[in-house]
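Predicted model, so just to flag it, every value in this text is computed and none were measured. Each chain gets a letter, A, B and so on, in the order the sequences are listed, and its residues count up from 1.
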Amino acid sequence: MSIDSDTLIDWFDTVGRDLPWRRPECTAWGVLVSEIMLQQTPVARVEPIWHEWLARWPKPSGLAASSQGEVVRAWGKLGYPRRALRLHAAASAIAEQHGDVVPADVDALLALPGIGAYTARAVAAFAYGQRAPVVDTNVRRVVARAVHGAGDAGPPSNTRDMADVEALLPRSESRAARLSAALMELGALVCTARTPRCADCPVFDGCAWQHAGRPAYAGPAKPVQKFAGTDRHVRGLLLDVLRGTSEPVEKPRLDVVWSQAGQRDRCLDSLLVDGLVEQTADGRFALPGEH
DNA sequence: GACCCGTGGTT
DNA sequence: TAACCAAGGGT
C-alpha cells in the first residue's frame, strides 16, 4: 500500500495542466522565474505576469540590466515584492558568475538569493530533469495522507519531509523528475486542502488515509495569518502608490493611505530598509534605482 | 522554531 | 462574512 509511481506519472501525462513553464521549449530561466513567482501566489495570477517577464527579459542578464524599480513595478500585485528584488539579485549573480545560465546544481542554486530548499530542487528537477525531493505544501499534504494516513500534514520538518519524498522517487532520474511534478499536481488538482476529490484520485487504492478510514487531522492547529491592519497591509498600500507613478512623490501622497502616523512611518522606514523604496536627494520617495 | 513578508479568490 | 488558502524564503 503506497503511491505507485507509474500510475501517478501516467495520470499526470493525461490530465496534468499544460502550463507554459512545463513546455519543452521553456528555458531553465523560465522555470526559475515561474518558481519564484509561484511562491505563495496562485497559478492563475502568475501566468500573465510570467509571459510578460519572459517576453521582456528572456535571459537573466536582461533582467539584471533593468533597475530594481522597473522590476518591482513589473512584479505588479503578485505580492511579497521582496521576491522581485531577490530575483533581480539572483539574475545578476547568474549573469556574472554562471555565464548567464541558470545553474543545474542544487547547492549552486541554494546560494542564490530567494532560492530555498523547495525552489532549488524544483529547478533541478523541472528544468534539468534531476532526481531531487521537491517538497512543497502540495507534496507534504499528499504524503501525509497517502503515505502516513493522516488527514493533513503537520508542521513542516524539512529533513523529515525530504526523506519521505526521497523514498518515493524512482531510481531513474527522468522518472523521478516526472513523479515530482505529478505529486505536486495531484495535491493541486485532486488531493486538495479543503475538499479532496478522492473519487478522481489515481492512487486511491494505495492511499493510507483511505485505508485508515479518513481520520480527521489531529495535529496542532495551523497559525492563522491576519492581514487587515497589519504592517504587511500598510506596506502594500504604500508601495501601490509608488507603483502607480513614474515620478517620485512627496510624503503627503503616502501619508493619505493610512491614518495611523506611527505605523505608517514605521512601514515606510521598513520599505526603505528592505530596498523596496528610495528617497531622492530632495526628500521625495520612489521605487529604487530609477532616479 | 517563531515570526515576518502581499494579495485576492474561494468557501 | 470571516476564515481559509495559494509551487516559500529569510532572519
Side-chain angles (χ1 to χ4, degrees), chain A residues 12 16-17 19-22 30-50 72 75-87 89-90 109-127 132-142 152-162 165 177 180-189 191-196 217 220-243 257-258 263 266-267 270-271 273-277:
Chain A
F12 179 60
R17 292 166 293 180
L19 300 172
W21 43 85
R22 285 180 178 165
V31 173
L32 174 55
V33 171
S34 80
E35 292 300 342
I36 302 291
M37 288 183 170
L38 288 164
Q39 291 170 1
Q40 302 287 282
T41 303
V43 168
R45 249 188 290 162
V46 164
E47 207 166 344
I49 306 295
W50 182 88
V72 170
W75 190 258
K77 308 197 79 168
L78 288 181
Y80 292 135
R82 295 189 298 183
R83 290 182 292 164
L85 242 35
R86 294 188 181 124
L87 182 49
L109 287 161
L110 284 170
L112 297 170
I115 297 186
Y118 162 77
T119 304
R121 291 169 179 81
V123 170
F126 304 148
V134 179
V135 183
D136 75 330
T137 184
N138 289 307
V139 174
R140 284 179 9 84
R141 188 172 54 248
V142 168
D152 205 345
S157 166
N158 199 272
T159 304
R160 175 178 52 75
D161 294 340
M162 287 204 297
V165 173
S180 295
L183 284 168
M184 289 178 62
E185 193 74 339
L186 185 66
L189 299 183
C191 196
T192 55
R194 290 191 197 178
T195 311
Y217 174 66
K222 298 177 180 179
V224 287
Q225 278 232 52
K226 296 292 185 191
F227 178 69
T230 63
D231 284 3
R232 248 165 39 256
H233 185 182
V234 177
R235 283 165 55 106
L237 294 173
L238 292 169
L239 207 58
D240 200 39
V241 172
L242 300 180
R243 254 190 243 116
V257 305
W258 198 251
Q263 185 182 18
R266 179 176 73 239
C267 288
S270 74
L271 287 169
V273 169
D274 286 348
L276 283 163
V277 175

Novice: Using the P atom on both, measure C:dA7 against B:dA2 and round to a whole Å.
Specialist: 23 Å
Novice: With a 4.0 Å limit, can you tell me whether A:Lys222 has a side-chain N or O closer than that to the phosphate oxygens OP1/OP2 of C:dA3?
Specialist: no
Novice: B:dT7 P sits how many Å from A:Ile49 CD1, rounded?
Specialist: 13 Å
Novice: Looking at A:Arg232 and B:dC4, is any side-chain donor or acceptor paired with a base atom of the opposite kind under 3.5 Å?
Specialist: no
Novice: Classify A:Leu87 by what it touches in the nucleic acid, base, sugar-phosphate, or nothing, heavy-atom distance under 4.0 Å.
Specialist: nothing
Novice: Just to be sure I understand the rule, does A:Ile115 reach a base, reach only the sugar-phosphate, or reach nothing, if contact means heavy atoms closer than 4.0 Å?
Specialist: sugar-phosphate
Novice: Just wondering, do A:Met184 and A:Phe126 contact through their side chains at under 4.5 Å, heavy atoms?
Specialist: yes
Novice: Tell me whether the OP1 or OP2 atom of B:dT7 has a side-chain N or O from A:Arg243 closer than 4.0 Å.
Specialist: yes
Novice: Reckon A:Ala117 touches a base, only the sugar-phosphate, or nothing at all at heavy-atom distances under 4.0 Å?
Specialist: sugar-phosphate
Novice: NA contact type, A:Trp21, heavy-atom cut-off 4.0 Å: base, sugar-phosphate, or nothing?
Specialist: base
Novice: Counting any heavy atom closer than 4.0 Å, what does A:Pro155 reach on the DNA or RNA strands: base, sugar-phosphate only, or nothing?
Specialist: nothing
Novice: Please assess A:Leu19 against A:Val43 for the test side chain to side chain contact (heavy atoms under 4.5 Å, CB included), listing each intermediate value before the final yes or no.
Specialist: CA-CA 9 Å; A:Leu19 300 172; A:Val43 168; 3.9 Å; yes
Novice: Using the P atom on both, measure C:dT11 against B:dG6 and round to a whole Å.
Specialist: 14 Å
Novice: Whole angstrom is fine here: how far is it from CZ in A:Arg86 over to P in C:dG9?
Specialist: 10 Å
Novice: Could you state the atom-to-atom distance from CG of A:Asp136 to C1' of C:dG8 in whole Å?
Specialist: 9 Å
Novice: When you get a sec, tell me which of B:dG6, B:dG9, C:dA7 is the closest nucleotide to the side chain of A:Arg194?
Specialist: B:dG9
Novice: Describe the nucleic acid contact of A:Asp274 in one word from base, sugar-phosphate, nothing, applying a heavy-atom distance below 4.0 Å.
Specialist: nothing
Novice: Choose from C:dC5, C:dA7, B:dG6 the nucleotide whose nearest atom is closest to any side-chain atom of A:Ala193.
Specialist: C:dC5
Novice: Any side-chain N or O of A:Lys77 under 4.0 Å from OP1/OP2 of B:dG6?
Specialist: no
Novice: Flag the pair A:Arg22 and A:Glu185 as a salt bridge only when some basic side-chain nitrogen lies within less than 4.0 angstrom of an acidic carboxylate oxygen.
Specialist: yes
Novice: A:Leu276 CG to B:dC5 C1': how many Å, rounded?
Specialist: 10 Å
Novice: Using a heavy-atom cut-off of under 4.0 Å over every strand shown, decide if A:Thr119 touches base, sugar-phosphate, or nothing.
Specialist: sugar-phosphate
Novice: To the nearest Å, give me how far apart CG (A:Leu112) and P (C:dG9) are.
Specialist: 12 Å
Novice: Pick the nucleotide of DNA chain B nearest each of A:Leu237 and A:Thr195; which residue has the one closer to the 5' end?
Specialist: A:Leu237
Novice: At 4.0 Å (heavy atoms only), tell me whether A:Gly116 reaches a base, stays on the sugar-phosphate, or touches nothing.
Specialist: sugar-phosphate
Novice: With a 3.5 Å distance limit and no angle check, can you tell me whether A:Arg121 reaches the backbone of A:Val135 through a side-chain donor-acceptor pair?
Specialist: no
Novice: Got A:Tyr118 and A:Glu35 here, is their nearest side-chain heavy-atom distance under 4.5 Å?
Specialist: yes
Novice: Determine, stepwise, if the pair A:Trp75 / A:Ile49 fulfils side chain to side chain contact (heavy atoms under 4.5 Å, CB included).
Specialist: CA-CA 7 Å; A:Trp75 190 258; A:Ile49 306 295; 5.8 Å; no
Novice: Taking only the side-chain heavy atoms of A:Thr137 (C-beta and beyond), determine which of B:dC5, C:dG8, B:dG8 contains the nearest atom.
Specialist: C:dG8
Novice: Checking contacts here: which listed nucleotide (C:dA6, B:dG8, B:dG6) is nearest the side-chain heavy atoms of A:Arg141?
Specialist: C:dA6
Novice: Between C:dC4, C:dA7, C:dA6, which one does the side chain of A:Pro42 approach most closely?
Specialist: C:dA6
Novice: Can you confirm whether A:Tyr80 sits close enough to A:Gln39 that some side-chain heavy atom of one is under 4.5 Å from a side-chain heavy atom of the other?
Specialist: no
Novice: Has the side chain of A:Thr41 got a donor or acceptor that lies under 3.5 Å from a partner of the other kind on the base of B:dG8?
Specialist: no
Novice: Give A:Arg45 one of three labels, base, sugar-phosphate or nothing, depending on what nucleic acid heavy atoms sit under 4.0 Å from its own.
Specialist: base
Novice: Report the distance from atom CD of A:Gln40 to atom P of C:dG9, rounded to the nearest whole Å.
Specialist: 9 Å
Novice: Could you tell me the separation between the CD atom of A:Gln225 and the P atom of C:dA3, rounded to a whole number of Å?
Specialist: 14 Å
Novice: Take the protein atom CG of A:Leu239 and the nucleotide atom P of B:dG6, then report the distance between them rounded to whole Å.
Specialist: 8 Å
Novice: Heavy atoms under 4.0 Å, any strand shown: does A:Arg266 hit a base, just sugar-phosphate, or nothing?
Specialist: nothing
Novice: Could you work out which one of B:dT10, B:dC5, C:dA7 sits closest to the side chain of A:Tyr80?
Specialist: B:dC5
